[in-house]
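Read the structure below first, then the notes.
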Amino acid sequence: MAGLQQTNSEKILLSWVRQSTRNYPQVNVINFTSSWSDGLAFNALLHSHRPDLFDWNALVSQHSPVQRLDHAFNIARQHLGIEKLLDPEDVATACPDKKSILMYLTSLFQVLPQQVTMEAIREVEMLPQHPRVTREEHIQVHHQQRFSQEVSCFTFLLSSCCSQVVVSLTSPISL
């Protein structure tokens, strides 16, 4: 089944996130769905590169997942110029939309430092594969995301030294 295997671009992006958030014990990013639901991963990623923007400990102890997600998206918009492409309520679910998470992370990858070590990539390759999703879980995820914008296609090409990303996004127009 197409889409089950992680692409090299996804491995590099996941490696970058894991490497960036390694010093945050509350954060363990293993995928592009459920690892992002509580808002901690987005905030840890931002804080790891820009610790001057907010107090990590205050954020962890005082906010709900939706508030943490809103915080991260607002920080990225105000200080990094990344539009608020995701709604916190759509991400704070059991299984947020993978394509939407990837699209947003690609935007962060473009503006934050991008060094990825081979060790981090090997670590991602050793992560356990995701179990198969049942038909009922698949239907439930689609119902939860019916108000989310569908990103029909994304592609990002990484140069051999992982220093440049070209993003191509398209989304269908609903009539």
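Computation of the quantities below employed the complete heavy-atom set of this structure, encompassing side-chain atoms and omitting hydrogens, waters and symmetry-equivalent molecules.
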field: Over all atoms of both residues, closest heavy-atom pair of Leu69 and Pro88
entry: CD1-O, 3.5 Å
- prompt: Heavy atoms, side chains only, cut-off 4.5 Å: are Asp90 and Asp97 in contact?
  reply: no
query: How would you list, by chain and number, every residue that makes a side-chain hydrogen bond (donor to acceptor under 3.5 Å, both in side chains) with Asp52, sequence neighbours excluded?
result: Arg50
query: Donor-acceptor pair, Thr21 side chain versus Tyr24 backbone, under 3.5 Å?
result: no
field: Trp56 and His47 aromatic ring geometry - parallel, tilted or perpendicular at 30°/60° bounds
entry: tilted
- line: Note: His63 and Ala58 closest approach over all heavy atoms is ND1-O, 3.8 Å
message: Do Leu108 and Leu45 have side chains that approach each other closer than 4.5 Å (heavy atoms only, starting at C-beta)?
response: yes
message: Quick check: is Leu85 connected to Val66 through a chain of hydrophobic side chains (ILVMFWY, heavy atoms under 4.5 Å apart)?
response: no
query: Do any pairs count as a salt bridge (charged side-chain N to carboxylate O under 4.0 Å, His left out) and have a residue in residues 53-68, sequence neighbours left out, and if so which ones?
result: none
Counterpart residues, ring pair (Phe, Tyr, Trp, His ring centres under 6.0 Å), relative to Trp36 (two or more places apart): Phe42
Would you be so kind as to tabulate the donor-acceptor pairs closer than 3.5 Å made by side chains of residues 76-84, with sequence neighbours excluded?
| from | atom 1 | to | atom 2 | distance (Å) |
| --- | --- | --- | --- | --- |
| Arg77 | NH2 | Asn74 | OD1 | 2.9 |
| Lys84 | NZ | Asp70 | OD1 | 2.4 |

message: List the residues meeting side-chain contact (heavy atoms from CB on, under 4.5 Å) with His71, not counting sequence neighbours, and say none if there are none.
response: Asn43, Phe54, Leu59, Ile75
statement: Looking only at heavy atoms, the pair that brings Gln62 and Gln67 closest together is O-OE1, 4.2 Å
- prompt: How would you list, by chain and number, every residue that makes a side-chain contact (heavy atoms from CB on, under 4.5 Å) with Ser35, sequence neighbours excluded?
  reply: Val29, Ile30, Asn31
From CD1 (Ile101) to OG (Ser34), nearest 0.5 Å: 10.0 Å
Any side-chain heavy-atom pair of Arg22 and Val27 under 4.5 Å: no
From Phe73 atom CZ to Leu46 atom CG, the distance as rounded to the nearest 0.5 Å: 9.5 Å
- request: Quick one: pull up CD in Gln19 and OG in Ser48 and give me the separation to the nearest 0.5 Å.
  value: 9.5 Å
statement: So CG of Leu102 and CZ of Phe32: to nearest 0.5 Å the spacing works out to 5.0 Å
statement: Rounding to 0.5 Å, atoms CG (Leu105) and OG (Ser100) come to a distance of 11.0 Å
query: Where the side chain of Thr93 meets the backbone of Glu89, is there a donor-acceptor pair that is under 3.5 Å apart?
result: no
